[in-house]
Amino acid sequence: MLQSNFLSKTLRKNPKDSVAISHQFLVRGGYIQQLTSGIWSLLPLGFRVYQKIENIIREEMTAVGGEELRMPALQPKEIWTASGRWNSIDPPLFKFKDRHKKELALGSTHEEVITKIAGSFIDSYKDLPKYVFQIQNKFRNELRPTAGLLRTREFVMKDMYSFHATNQDLDAYYLKVAQSYKKLYSRCGLEAMMVNASSGTIGGDSSNEFIVAADSGEDNIFLCPDCGWATNSEVGGSLSVCPQCQAKLIAKKGIEVGHIFKLGDTYSQKMKALFMDERGNKKPIIAGCYGIGLERLMATVIEVNHDSKGIIWPQEIAPFQVHLLGLDLEDEKVLSRAQEIYQKLKSINIEVLFDDRKETAGVKFKDADLIGIPWRLVVSKKTGDKIEVKERREGKEELFTENQLLDKVKAIF
RNA sequence: CGGGGUAUAGCCUAACGGCCAGGGCGCCUCGUUUGGGACGAGGAGAUUCUGGGUUCGAAUCCCAGUACCCCGACCA
């Protein structure tokens, strides 16, 4: 991709009212733009990162047996009155009427819709278990959106739902999903802790949150350094000692990047999603649900992967794998050299962003730091027929020949 | 929703109640530059959020509305 073709531009100054680092760098780097409070566009650069995260999540959910589907954002009032949540869910639904005066809502979560679907196909214990997920826009009438992408009113969520004949089967699968969550966060460059959590208005028997430690986070958690037990202060209160091993707990701030629930038969009971067991008894289906907010995950990555100059993307979700800066491009020899490197990298399927703009070296370096692609290459008069290579995170510059560069790149990606 | 704050060009901002709302970034033109946000000259770009009020005179003071931000609300 040629940087001269970008729609967005970088900004020198932080947006006026911005506080969160991720908010500042995402806007300044040209990744996102605000439409109105809590509602954001993902610009081409931001959308590339988003798509990488989406694909990682899709892969991991598929790996634990999930089948992808898509449920509607527009939902009728009836299913929400059936579950008893039309007026009680928090944050509230965006509600409105269609031209026939029929009441509708924009879905903030999909337990109602999926329970209706599952109930219609699952008749017997022989039909269980089943696992489905979607990656879809959610709408939440938040009291107050905050911090750029960290809390918004419209966002994309991966929501997975599992259906089981027994609580034991749910428990086993729940652990499996929890493991896949850890793996997925790690692929995104994050270390997430699983903590005991409140189930809020989703309901159910118990739930766990995945928290990434960050001073900018708004969740307070207590963590046991010895056995790894952890809880959100919402449920744990102000504990000082681990209930499992009596070690002294550590208090930390963090960002919630996922929440999984053992719903049990909460929705199946209310919405009559029943199956017949081995003895011919009708029973409510046992369910679990598992959610991740994608834009929040993206912002959280930046909260814990940046320096004073800009973002430092982890390899797997960077918008491009390498950033090639062409300096002195008015010099024919340098220009054709840079274009040659650009084409060679593309021909071995490296995602390369080529800064071919008519800008000074300083501008290109500053923008590269801000945008945060993990590997920076420079071709200029000074580098001659070599290529300067620098890792965004480490910051040491090395001169490579073309073959050394190609070998290195093949080894990394 | 309760509390607090802000609103001046695409972005960041200045302006005691007093001349034509000033500057920086970005944008256009010309020239000089070119390894860490270059320099000079010229140019375009504003209903100072909206509506009322006070005043000889309002970006500035008052009232109302709106929008956005921050703290609070068991939120992915």
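This structure is a prediction, so every number in the text was calculated from the model and none was measured. A, B, ... follow the sequence lines: proteins, then strands. Residue 1 opens every chain.
Within 4.0 Å of Asn14(A), counting heavy atoms only, lie sugar-phosphate atoms of the nucleic acid but no base atom. Among the atoms of the strands shown, base atoms are found under 4.0 Å from some heavy atom of Arg28(A). Val257(A) comes within contact range of the sugar-phosphate backbone alone, with a heavy-atom separation under 4.0 Å but no base atom that close. When heavy atoms are screened at a 4.0 angstrom cut-off, Lys390(A) is found touching base atoms of the nucleic acid. Counting any heavy atom pair closer than 4.0 Å across all strands shown, Lys381(A) reaches no nucleic acid atom. Nucleic acid contact for Ala368(A): none, since no nucleic acid atom lies under 4.0 Å from a heavy atom of the residue. As judged by a 4.0 angstrom heavy-atom cut-off over every strand, Pro145(A) is placed among residues touching the sugar-phosphate backbone only. Residue Gly362(A) is classed as a sugar-phosphate contact, given heavy-atom separations below 4.0 Å to backbone atoms only. Counting non-hydrogen atoms under 4.0 angstrom, Glu142(A) reaches a base of the nucleic acid.
Checked against rG36(B), rA7(B), rC27(B), the side chain of Asp369(A) finds its nearest nucleotide in rG36(B). Set against rA38(B), rU34(B), rC75(B), the side chain of Pro91(A) has rC75(B) as its closest nucleotide. Of the candidates rG37(B), rC68(B), rA76(B), the closest approach to any side-chain atom of Thr10(A) belongs to rG37(B).
In this structure, Asp159(A) places its CG atom 15 Å from C1' of rC75(B), rounding to the nearest Å. In this structure, the CG atom of Asn208(A) is 13 Å from the P atom of rA76(B), given to the nearest Å. Here the P atom of nucleotide rA76(B) and the CZ atom of Phe133(A) are 19 Å apart, to the nearest Å. As rounded to whole Å, 14 Å separates atom C1' of rC71(B) from atom CG of Asp17(A). Across the protein-nucleic acid pair, Ile371(A) atom CD1 and rG36(B) atom C1' stand 15 Å apart, rounded to whole Å. Per the geometry, CZ belonging to Arg12(A) stands 6 Å off P belonging to rA38(B), to the nearest Å. The separation between Asp328(A) atom CG and rG36(B) atom P is 11 Å, rounded to whole Å. Going from atom NZ of Lys13(A) over to atom P of rG24(B) covers 12 Å, rounded to whole Å.
Judged by ring centres under 5.5 Å apart and planes tilted less than 30 degrees, Phe155(A) stacks against the six-membered base ring of rA76(B).
Contact annotation: Thr36(A) side-chain N/O to rC68(B) OP1/OP2 distance is under 4.0 Å. When the side-chain nitrogen and oxygen atoms of Gln33(A) are compared with OP1 and OP2 of rG10(B), none of them lie within a distance under 4.0 Å. Contact check, Thr360(A) against rA38(B): a side-chain N or O comes under 4.0 Å of OP1 or OP2. Regarding contacts with the backbone of rA76(B), a side-chain N or O of Arg140(A) is found under 4.0 angstrom from either OP1 or OP2.
Note: Trp313(A) and Tyr31(A) meet the aromatic proximity criterion, with ring centroids under 6.0 Å apart.
Gln33(A) and Ser41(A) share no donor-acceptor pair across their side chains, judged by distance under 3.5 Å alone.
Donor-acceptor pairing under 3.5 Å, judged by distance alone, is absent between the side chain of Arg357(A) and the base of rG37(B). Between the side chain of Arg296(A) and the base of rC75(B), a donor-acceptor pair under 3.5 Å is found. Side chain Asp219(A) to base rC75(B): a donor-acceptor pair is found below 3.5 Å. Side-chain atoms of Glu388(A) come within donor-acceptor range of the base of rG35(B), with a qualifying N/O pair under 3.5 Å. Residue Arg151(A) places a side-chain atom within donor-acceptor reach of the base of rC75(B), judged by atom type and a 3.5 Å distance cut-off alone.
A cation-pi contact, defined as under 6.0 Å to the ring centre and within 45° of the axis, links Arg48(A) to Phe320(A). Stacking of Lys262(A) on the aromatic ring of Tyr174(A) is recorded, both the 6.0 Å distance cut-off and the 45° axial limit being met.
In summary, Lys102(A) and Glu78(A) engage in a salt bridge, as defined by a charged side-chain N under 4.0 Å from a carboxylate O. Using a 4.0 Å cut-off between charged nitrogen and carboxylate oxygen, Asp328(A) and Lys382(A) do not count as a salt-bridge pair.
Sorted by first and then second residue, the pairs that involve residues 342-364 of chain A and meet ring-ring contact (aromatic ring centres under 6.0 Å, His included), not counting sequence neighbours, are Tyr342(A)-Phe354(A).
Taking atom C1' on both rA15(B) and rU8(B), the two are 10 Å apart, rounded to the nearest angstrom.
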